[in-house]
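Some notes on the structure that comes next.
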Protein chains: 4
Amino acid sequence: MPGRGPRPESESPPRWRRRKDARPQEIVAAAMDVFVERGFAAAKLEEVAARAGVSKGTLYLYFPSKDELFKAVIRSAILPNLEQAETLAAAGGGPCFPVLERLLRMVAHLVATTRAAAIPRLVMAEAGNFPDLAAFYHREVIRRAFGLLASLLRRGIAGGEFRPVTVDATVRLIVAPLLMSAVWRSSFDGLDGDAPLDVPALVETHIDNLRRVLLRGAGEK
Amino acid sequence: MPGRGPRPESESPPRWRRRKDARPQEIVAAAMDVFVERGFAAAKLEEVAARAGVSKGTLYLYFPSKDELFKAVIRSAILPNLEQAETLAAAGGGPCFPVLERLLRMVAHLVATTRAAAIPRLVMAEAGNFPDLAAFYHREVIRRAFGLLASLLRRGIAGGEFRPVTVDATVRLIVAPLLMSAVWRSSFDGLDGDAPLDVPALVETHIDNLRRVLLRGAGEK
Amino acid sequence: MPGRGPRPESESPPRWRRRKDARPQEIVAAAMDVFVERGFAAAKLEEVAARAGVSKGTLYLYFPSKDELFKAVIRSAILPNLEQAETLAAAGGGPCFPVLERLLRMVAHLVATTRAAAIPRLVMAEAGNFPDLAAFYHREVIRRAFGLLASLLRRGIAGGEFRPVTVDATVRLIVAPLLMSAVWRSSFDGLDGDAPLDVPALVETHIDNLRRVLLRGAGEK
Amino acid sequence: MPGRGPRPESESPPRWRRRKDARPQEIVAAAMDVFVERGFAAAKLEEVAARAGVSKGTLYLYFPSKDELFKAVIRSAILPNLEQAETLAAAGGGPCFPVLERLLRMVAHLVATTRAAAIPRLVMAEAGNFPDLAAFYHREVIRRAFGLLASLLRRGIAGGEFRPVTVDATVRLIVAPLLMSAVWRSSFDGLDGDAPLDVPALVETHIDNLRRVLLRGAGEK
DNA sequence: AATGAATGAGACTTCATTCAT
DNA sequence: TATGAATGAAGTCTCATTCAT
């Protein structure tokens, strides 16, 4: 019994042991906050450590460098996105436009409520300094999201639901307002006493516009 | 003779001494390059000085700090924008949509061809670290540009040319694809063997869409 | 079975519990390897622990600090030397030169075959940082070895076997090639494609030379 | 003492520019002291800077890293050696043994009087951590010195002055006492109240011994 | 007796900024 | 006006050492 390792792990915590498996995630969460607030270069590991409630050295037990911690932050923000995308993609048959609507509202919600909305800005800002990370993000998030939308558009066009639009350009035009909103919120929002960006309203208008742009016979009435 | 380094040092001053007024602009130009390539924090004044053909110390004759140099770079990228905006605003009477078209194509050209297209990304990336700069940019560039578009929309609506759209949201939806293009070009473009972003094509599709969205009676035909 | 790691952990204790006395020696052995390979400062306790098959913390159950572990390593390399010395010293009466021969060949064998040959280099390298250790080594190893040789020389001289050489200097001249060989092997050996140092051959020549130098009437034939 | 720049250095020269070309050498000299006293790893650049009378950052104006500074120190100690070697080699015709004598006394003088005598110990101590440096030293110093001695021996043998000794082994046996002396002086000298190593006396005995070993017909009288 | 997660002092290194020339 | 050698604060990263389990 003596030489036993740590973590009985489950039974009644008499003292409340430190949940060690949670450590990396706690650190990533703290790092996300600091990176989002300061940007990569201006983020100090000292502050990350302080917010995670650990010492500076502890960071290096889990991440070999600031770069890798940064990448871990970005990656950790990707998983939810991917799952989100899967969920959306699963919404099978029927008309396409309602799927598009749900999709846009979902992303709008994410943009409006989560702090991970600042991730795209981080990635774009540091793309030049982390080409591999930019490539990773591009491949795993952007391309996938674009592909999803492109499929949806093509299905709608094939089924006669959508007008025969230029798929690639339209995908970008669909995404742009959401991306801009995400970036906006973490850059200019609340400046100068302006009202904060009303993402839901923006998206509803966007959806209305898309209805006119995409649907056959829409717009005339 | 113009872009030459420093110190003619000896021979008879050619009547007009080395245009000392050009110095700051040369420095700002060099700084813009470096900031755009590296981001604020990763930009080294050593490299700025080298590209400007001056010594590090000389930078401090014109700019009191790296921060101020950065701000000068951003501000210097604003002037052309403002003039651009004036020009556009001057396009007086007649139908509004063609004005909008010209405007979008003009910006698209800027985005596609100038390196200043990376400025918005810089500003957004450093907004958290330079709140006053973000505010300045927001006030002097964004608000002005948004105001311009809003006026145009209102005039079009009042004249019966445009449908009664939600002005604020529509302004953002008009701008978003251009902003996204600007950011995109300096972040992801050329990654993974993808074709580079075709900004003109994107803008033409955007204009087509806006025609359906904005113009009364458009779209049914 | 012996060199195994820790933690039999569960099955019936095989009568004699894991020879706990062996632990410190296993650690010292592992530490010797690492110190020899890396030098004191560059040696990491992490690696020592890994090679000893224990955890880092365990080291501190046996040695209060890295310094003390280092000293233990050096001391552990002294014991065999001392025993060696005793053995040599025990080789009593008769002519002295054959004793010297055996002695040199014995040391040469140690230098050529054991990794402890790197100890002198370690001690010399760290003498400045561990004055007490250097003093200890000097007192317990060097002085003793020198004394042994000095006695032998004096006996030989007294018995008319050796010429009346300067004892102190001759002792050093006897030792130097062996010491140099030990250091050489752990520093330059195998560099640049050179053949490795042939210690036995070197010692045989050394013995030949010493025969001419020490023995009365030697050399003329 | 306040925010002043760099050292006016002291008295009168009221303008007297900073001898900037001397800087690197001053730094190397200071670094040699610290490396010799502490060893590579335990040497602190802070202390090097302090002894050189410059700031820490200044070191990096001249040497890109601690490693490179170390290598520069070693290399700087090689030049004199090489020149020394050239001088020795230039000692042309005539009998060989006197040349050998002069050579040994010269090196003995270096060992006894200069602080660079500690360089071999440094190189040997760090050979494992700086293989390229060890190879460099081996190639540029050791091999050259060995070659010089080997030539001398061969010439002496060919001329009938020397007995037909094994050249390689003999070279090492000639060098060993000097190398050991150099190492000794920076490791054990003065320990325990012993008298410091009398290098000249040692070398004279060594020369006497070599006379018996090398010269034809020597020793019998 | 043993573990290994956690610590934090300390080292190297960078770079914006200064100032004598 | 211009230089560039020099500075030193600050940041990243390492690793000997500790301690709750």
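Throughout, protein chains are lettered first and strands after them, A, B, ... in sequence-line order, and every chain is numbered starting at 1. No experiment lies behind these values; they were computed from the predicted model shown.
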Measure the distance from [atom1] on [X] to [atom2] on [N] and round it to the nearest whole Å.
| X | N | atom1 | atom2 | answer |
| --- | --- | --- | --- | --- |
| D/L61 | F/dT3 | CG | P | 18 Å |
| C/L69 | F/dA16 | CG | P | 10 Å |
| B/F63 | E/dT18 | CZ | P | 16 Å |
| C/R38 | F/dT14 | CZ | C1' | 15 Å |
| B/R23 | F/dT3 | CZ | C1' | 12 Å |

Near [X] [atom1], under 6.0 Å, is it more than 12 heavy atoms from other residues, nucleotides or ligands?
| X | atom1 | answer |
| --- | --- | --- |
| B/E46 | CD | no |
| A/R75 | CZ | yes |
| C/K71 | NZ | yes |

message: Under a 3.5 Å distance rule, please check whether C/R121 uses its side chain to pair with a backbone N or O of C/S186 as donor and acceptor.
response: yes

- request: Would you check if the side chain of B/K44 reaches a backbone N or O of B/V34 as a donor-acceptor pair within less than 3.5 Å?
  value: no

- request: Verify the contact: side-chain N or O of B/Y62 to OP1 or OP2 of F/dA2, cut-off strictly under 4.0 Å; return yes or no.
  value: yes

Under-4.0 Å side-chain N/O to phosphate OP1/OP2 contact, C/S55 with E/dG4: no

- prompt: Do you know which of C/F136, C/F35, C/F70 makes ring pair (Phe, Tyr, Trp, His ring centres under 6.0 Å) with C/F130?
  reply: C/F70

query: Taking five pairs at each end of the helix from E/dA2-F/dT21 to E/dT21-F/dA2, what angle separates the two helix axes (nearest 10°)?
result: 10°

field: Pairwise 5' ranking along DNA chain E for C/L59 and A/G53, keeping only the more 5' one
entry: C/L59

- request: Measure the CE-CD1 distance between D/M32 and D/I119 for me, rounded to the nearest 0.5 Å.
  value: 4.5 Å

- line: d(A/L61 CG, A/I27 CD1) to nearest 0.5 Å is 7.5 Å

- prompt: Going by heavy atoms in the side chains, are C/V54 and C/E26 under 4.5 Å from each other?
  reply: no

Pull out every protein N or O sitting under 3.5 Å from an N or O of nucleotides 13-17 of chain E, one pair per line with the distance.
from   : atom 1 : to    : atom 2 : distance (Å)
E/dT13 : OP2    : D/Y60 : OH     : 2.6
E/dT13 : OP2    : D/K66 : N      : 2.9
E/dT13 : O5'    : D/Y60 : OH     : 3.2
E/dT13 : O4     : D/K56 : NZ     : 3.4
E/dA16 : OP1    : B/A43 : O      : 3.3
E/dA16 : OP1    : B/K66 : NZ     : 3.3
E/dA16 : OP2    : B/L45 : N      : 3.0
E/dT17 : OP2    : B/Y60 : OH     : 2.8
E/dT17 : OP2    : B/K66 : N      : 2.8
E/dT17 : O5'    : B/Y60 : OH     : 3.2
E/dT17 : O4     : B/K56 : NZ     : 3.2

